Amino acid sequence: MSFLAHPAEDPSSSGPIPGAADGRAHLFNDRTAERYRRSLADGVGLVASTVARTTRPFTGVTPAELAPEISGVDLDRPLGDPAAALDELERVYLKDAVYFHHPRYLAHLNCPVVIPALLGEAVLSAVNSSLDTWDQSAGGTLIERRLIDWTAARLGLGDAADGVFTSGGTQSNLHAMLLARDEACKLVEKETAAAGAPLTKPRILPRLRILASQASHFSIAKAAAVLGLGYEAVIAVPCDQDRRMRTVALARELDRCRREGLVVMAVVATAGTTDFGSIDPVPEIADLCERAGVWLHVDAAYGCGLLVSPRRRHLLDGIERADSVTVDYHKSFFQPVSSSAVLVRDRTTLGHATYHADYLNPARSAERLIPNQVDKSLQTTRRFDALKLWLTLRVMGADAIGELFDEVVDRAAEAWRLLDADPRYEVVTRPQLSTLVFRYTGGPSAARPDPGRPAPGLLDPGLLDRANLHAREALAASGEAVVAGTVVDGAHHLKFTLLNPETSLHDIAHVLDLLAGHAERYLSSSEAAVPEFPRARAS
Ligand SMILES: *Cc1c(COP(=O)(O)O)cnc(C)c1O
């Protein structure tokens with residue numbers, strides 16, 4: 001890409017420099033500020049021109065095709081020159097990357113990102129504050145705290161609330177489960193001591209249980225494993241037809257655990273399940289938790305965008321009663337990865353993750369009220385991700401973010417109507433948020449290639465499973481669109497996750513036609529007749 005090259009004789013250019021092997025020329029400091037400016041401008045220029053001419057969300061490249069490009073790079077022979085490195089990067093990464101900004105990227109919970117947040121990303125990595133201690137961040141610490149307070153106020157958690165930014169929902173859920181576990185242990189220790197038969201933590205852990213719906217995120221189960229409870233500690237509470245936790249079943253499980261001498265350390269309500277976007281009935285769940293004296297965690301990794309929605313904030317009613325909440329700004333606040341937070345109603349509970357290290361955050365600094373965020377975090381060195389949200393709020397404001405999220409939720413409702421009326425597909429639930437889970441069933445179709453074959457609706461479920469799997473893979477291989485897949489009640493389904501307001505109903509209709517075309521061609525091919533035949537990738 002020749003537009004990247006600067007005249008080599010320009011001493012401030014990012015082209016080859018005398019003594020490129022001299023690492024000091026690459027250190028970012030007062031003397032290299034101009035080099036920094038040009039180097040970043042080149043990188044930004046390359047990304048901007050790549051995005052400007054991207055016509056598909058993906059090229060369909062396979063790992064086998066791309067691997068030689070990467071392994072062919074000799075990491076022990078530097079190019080010395082950022083322009084050359086960017087040329088190479090275009091070939092090994094940018095050309096075939098998966099682009100979430102594209103309106104036909106419909107797969108996972110990845111959002112297009114807003115420009116003020118990208119500005120924040122550039123600033124935070126250059127200054128490189130670390131948010132563990134005040135003496136490594138100063139104002140960064142206060143900005144993060146303001147955003148935690150702002151989020152807690154939006155949640156309605158009350159004056160004693162607090163929290164901390166994390167790397168993602170998985171980390172936030174783990175953190176919340178750690179606090180819930182240690183609160184539960186503290187309570188049981190106290191109760192059993194008062195009863196004259198004190199139990200210590202190692203004896204309590206095997207009795208702990210977490211109740212979460214069948215549709216909850218797998219990171220809850222992973223957290224239980226990490227916390228020494230084992231995957232078995234998570235009890236899956238059944239869902240209703242709309243994939244929301246059945247509170248009758250929750251009440252029954254709470255009772256059963258009590259009768260069996262088990263300790264429910266947390267109930268996890270999901271506000272926006274990953275597969276269905278369904279929101280558990282948080283007010284009823286909060287009632288049950290209150291009555292049972294159980295910690296309520298609300299996993300709003302996906303649904304947190306509702307906090308700023310001008311039209312749908314009520315869908316989060318009841319969240320103000322949670323003991324802890326997970327929010328992923330990198331899902332529904334249009335923030336780049338990573339940006340997430342865990343919040344708690346009672347800031348003292350964060351103390352379960354406090355450890356005073358002499359070299360870093362000695363107890364005396366806490367006594368002097370020096371704001372060291374590491375006192376609340378599971379991480380030590382930590383990015384100043386909060387800056388992205390800060391600049392987003394300062395430039396665009398919360399309503400603008402909420403309106404973008406409202407738009408994708410509107411679009412999902414329109415897409416549901418489209419799917420519901422389409423005889424080629426069956427759709428599982430009417431979305432509360434922006435996901436659609438559906439399945440090609442091959443109902444009446446004008447485009448059926450072979451009228452002599454049985455109608456696909458009458459075909460065996462295994463064959464339809466394979467047709468759905470094939471349609472998804474073939475579509476990704478074509479690069480025309482990227483959609484997700486999931487298994488519902490044992491059957492392979494297709495899934496759209498809408499997070500891009502630029503995705504039109506027309507895009508969605510077009511992708512449905514493409515998917516149906518792939519599925520129909522599969523059903524009329526010889527491959528379909530041989531169940532276990534290894535499928536070749538569509539090229
Ligand atoms: C995505 C998601 C998570 C995990 O968040 P990461 O940021 O991917 O770690 C947890 N819970 C729910 C409901 C999610 O949708």
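Treat the numbers as computed from the prediction; the structure is a model and nothing was measured. Each ligand, and each atom within it, is numbered from 1 in the order the structure gives. The first residue of the sequence shown is numbered 1, and numbering continues consecutively from there.
- Where the criterion is an N or O separation shorter than 3.5 Å, residue side chain and backbone included, T274 meets it with respect to ligand 1.
- For the pair G169 and ligand 1, the shortest N or O to N or O distance falls below 3.5 Å.
- Within the 6.0 Å centre-distance limit, the rings of Y329 and F165 are counted as a close aromatic pair.
- Using a 4.0 Å cut-off to heavy atoms of L109, the atoms of ligand 1 that qualify are 15 (O).
- By the 3.5 Å distance cut-off applied to N or O atoms, T170 is counted among the residues near ligand 1.
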ask   = Can you check side-chain contact (heavy atoms from CB on, under 4.5 Å) on Y302 and D328, steps first, answer last?
value = CA-CA 6 Å; Y302 174 12; D328 254 3; over 6 Å; no
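- Heavy-atom contacts of N173 reach the following atoms of ligand 1: 10 (C), 11 (N) (cutoff under 4.0 Å).
- Listed for the T54 side chain is no donor-acceptor partner under 3.5 Å among the backbone atoms of R56.
- Residue contact check: S219 has heavy atoms under 4.0 Å from atoms 10 (C) of ligand 1.
- Here the two rings, on F58 and Y105, have centers that are 6.0 Å apart or farther.
- Among protein heavy atoms, the minimum distance from atom 8 (O) of ligand 1 is reached at K331 NZ, 4.0 Å.
- Among L343, V342, I143, the one residue that satisfies the side-chain contact (heavy atoms from CB on, under 4.5 Å) test with I148 is L343.
- In terms of polar-atom proximity, defined here as any N/O pair under 3.5 Å, D299 does make such a contact with ligand 1.
- Distances from ligand 1 to the non-hydrogen atoms of G272 include at least one value under 4.0 Å.
- Considering backbone and side-chain atoms alike, D328 places an N or O below 3.5 Å from some N or O of ligand 1.
- For the residue pair L464 and Y440, the shortest heavy atom distance occurs at CD2-O, 4.0 Å.
- The neighbour count for H314 NE2, taken as heavy atoms of other residues, nucleotides or ligands under 6.0 Å away, is above 12.
- Comparing heavy-atom distances from atom 10 (C) of ligand 1 across Q171, H217, H330 singles out H217 as nearest.
- Side chain of S332 to backbone of G305: a donor-acceptor contact under 3.5 angstrom is found.
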